[in-house]
Amino acid sequence: MSTTGHHATVDADELRRRVRELLDAHPPATTDRLDFLRARFDAGLAWVHYPAGLGGLDAPRSLQAVVDAELEAAGAPDNDPRRIGIGLGMAAPTILGFGTDEQRQRLLRPLWTGEEVWCQLFSEPGAGSDLAALATRAVRDGDDWVVDGQKVWTSSAHLARWAILIARTDPDQPKHRGISYFICDMTDPGVEVRPLRQITGEAEFNEVFLTGVRIPDSRRLGGIGEGWRVAQTTLMNERVAIGGGRIPREGGMIGLVAGVWRERPELRTHDLHQRLLRLWTESEAARLAGERLRRQLAVGQPGPEGSAMKLAFARLNQHISALEVELLGEEGLLYDDWTLRRPELVDFTGREAGYRYLRAKGNSIEGGTSEVLLNIIAERVLGLPPEPRTDKDVPWKDLPR
Amino acid sequence: MSTPDLLYSEAEDDLRAAVRSLLTDRCPPASVLSEAESGRAHDIALWRALGTEMGTAGLLVPDKLGGQGATAREAAVVMEELGRAVAPVPYLTSAVLAAGALLGCDTDQEAVARLLGALAEGRSVGALAVPLSTAAGAPGAPAATVRADGDGTLSGQVTGVAGAAGADVLLVPATGADGYGLYAVETAETSVTVEPLTSLDLTRPLAAVTLTGAPARRLAGPDRAAAAIGRALLTGAGLLASEQLGVAEWCLTETVRHTKERHQFGRPIGSFQALKHRMAALWLDLVSARATARYAADALATDSPDTPVAVAVAQAHCAEVAVRAAEECVQLHGGIGMTWEHPAHLYLKRAKADEIALGTPGRHRQALAGLVDLAAPAG
């Protein structure tokens, strides 16, 4: 391992030098993909803003682009980030922020290389927007916790080796205080994963039933009863992961419908033209706003502004995909395939117009509903007073359910 | 296309702070209202402080012509602050539109350079004599309603000209035997009548200009007059987006402040979700409006080939955001927002007038259809 200790600053030139060193020692053309990824992690070039020894070099986050560009130019394999988005975007920052040294050493490397897929056991049938109401129980039994409950909307659960899990450890405390955060082994015999079919016909997500699942106390992240605070880190990163990618003009949903518009003049109507121009303008405005936000976030942690992008893209994706189905007319009455399928990757702009229309409905629900995000903006950005609440200071067990 | 800079530089932040401090001091809402009711075309003392003493009148004019040699990025910051204050000063009309048109003429010409220097130093106030509703980015020059005669005089009428009432010099598009041209006319001439109109926007009043054999000096002929006017209108429209952003920003800030303080049903009304969501939605609008306005300013400043798209997107977007913010401001203020005394109406009137100024959002979207290849249905 080339962990040469802490550096005051690692600049772009130093990173390029280290990339060359990596490429010389492990030529991508003759190196096994996994071996290369492990070597890249050990060289501190996985996520350069992470600490040395954990895949990074304590370098500014903005310099990751330098490494990615150099490696891409050299034809090096990547870790297929879209397949392991939950691990990279949510589990990893939480493990880094709250994990013990042992947990970080054991978990981050196979997480980043994709050897171990992660999923997230947060939402429950009775705890969606009000996540802190969750009812999955974790009861202490010697050095272990015994977990019982049901989780829902879990993507990748059927592929995952590990899960980040929040469960109630003290029902006598008010709802936000009696929760703890765990790392759950998905191969435990008490874990049962069932596909959850959605309105598109496919099953991206799962229901996960937890029955007598044993989790050693050494796999707790953060203190007992501090799970809610730990989960905030995960959720902030989720919103950025969903709304934060860089896109060129017409790079998203609008490009698809603009393409159909250009190629199929026979479908055009004046009403659709006006709506298309409006959506094109709004898409471009949202794209520029995302670009501006990304510059501001290039260094430092994501804040509530990430919610702005998620809200904008949810609304636009829904309106644009709806317009496309309408534009297609007779073809819009057809659907490509209702078969129950289990896609490994989800592409909001994939498949056909009907699928995109239906899938986009989830964009304003998953990762925080648009209504909850508007509350967050109103309270955290604008500083408006919260609604009076009756559930905050009452023991969880006494809340009406 | 190089990567546009959508943030504010340190120098731009400093300029903003200076302008804001002056406006906070000299242009509070109450004085905007009394100034608007005074019958004066604009606030002369404020314009002297802002345009001449602070030097903002010459931001777009190169140093060697008596200006500050800055760019549309800095001018956009000034426009944002002027929007926030609905300040009754001829910045858009003189320092942007009139100066912009002159910059498109041959600045080696002594008459052009002299006029530019006078505008840049705030010694003189100019106005481009076209209706404020003239759409920027439209193909060709705006049709001239004024005739240039062989004796070097102009005759005709231009309606709905912003900034004409307080102007010393009018830049008039006119057609004569020599074709289309841009002419300078002194408003002091007896053959020039500037009749103030009762305008929707009290803080940027319009006037009808009538010329009856007015002595004029030709500044540009058919070879460059249309392009000079077109570029001035495009610059004006791009910078107007920043003014609209400033208007919207004031409206949201004041609405948030009011709804935190105002109590009904034993609670601050800003704690009701129905109101919070409307203000959060406005904040989202502002985030994207700022990005489009910055992009337009940066495109103008760097003379990007994407400027027409950037300006059309910014105008189509920011015009509607400003109107929505001002309308929400009136509604969420309740009864007080409907009074003459409260400044909300000044912002509503400015926002609605700005929506029509230099092309409505619909016209800018129509321009985009051509610019980004999204053609209308045939027939």
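Not measured: the values here are computed from a predicted model. Labels below follow one simple rule: chain letters A, B, ... track the order of the sequence lines, proteins then strands, and each chain is numbered from 1.
- Shown here for A:W261 and B:L374, the closest heavy-atom pair between the two residues is NE1-C, 3.7 Å.
- The minimum heavy-atom distance between B:A316 and A:T281, with the atom names listed, is CB-CG2, 3.9 Å.
- Note that the CZ atom of B:R257 and the CG atom of A:L382 stand 14.5 Å from one another [nearest 0.5 Å].
- The nearest pair of heavy atoms linking A:P386 to B:S271 is O-CB, 3.5 Å.
- What you find for B:A280 and A:I377 is that their closest heavy atoms are CB-CG2, 3.9 Å.
- Contact count versus chain A (heavy atoms, under 4.5 Å) is highest, among B:R290, B:H277, B:K260, for B:H277.
- For chain B, the option among A:G290, A:A312, A:P388 with the highest count of heavy-atom pairs below 4.5 Å is A:P388.
- For A:L311, the part sitting under 4.5 Å from any heavy atom of chain B is the side chain, from C-beta outward, and nothing else.
- Using a cut-off of 4.0 Å between Lys/Arg side-chain N and Asp/Glu carboxylate O, B:D306 and A:R249 are scored as salt-bridged.
- A salt bridge links B:E320 with A:R278: the distance from a Lys NZ or Arg NE/NH1/NH2 to an Asp or Glu carboxylate oxygen falls below 4.0 Å.
- Contacts of B:L252 with chain A are made by side-chain atoms alone, with heavy-atom separations under 4.5 Å and no backbone atom involved.
- Formation of a donor-acceptor pair under 3.5 Å by the B:K276 side chain with backbone atoms of A:P385 is found in this model.
- Highest contact tally toward chain A, considering only B:C318, B:A376, B:A312, B:S288, is held by B:A376 [criterion: heavy-atom pairs under 4.5 Å].
- By the 6.0 Å contact criterion, CD on B:E10 is open, its count of non-hydrogen atoms from other residues, nucleotides or ligands being 12 or less.
- Within the 4.5 Å cutoff, the side chain of A:L374 has heavy atoms near those of the B:L284 side chain.
- Heavy-atom pairs under 4.5 Å with chain A peak, among B:Q273, B:R294, B:H364, B:Q366, at B:Q273.
- Using a 4.0 Å cut-off between a side-chain N of Lys or Arg and a carboxylate O of Asp or Glu, A:E387 and B:R267 qualify as a salt bridge.
- The main-chain N or O of B:L6 is found under 3.5 Å from a side-chain atom of A:R292 such that the two form a donor-acceptor pair.
- The candidate with the highest count of non-hydrogen atom pairs below 4.5 Å against chain A, out of B:V309, B:T253, B:L275, B:T259, is B:V309.
- Taken from CG in B:D5 to CD in A:E291, the straight-line distance is 11.0 Å, to the nearest 0.5 Å.
- Residues of residues 265-277 of chain A lying under 4.5 angstrom from chain B, judged on non-hydrogen atoms, are A:R268, A:T269, A:H270, A:H273, A:L276, A:L277 by number.
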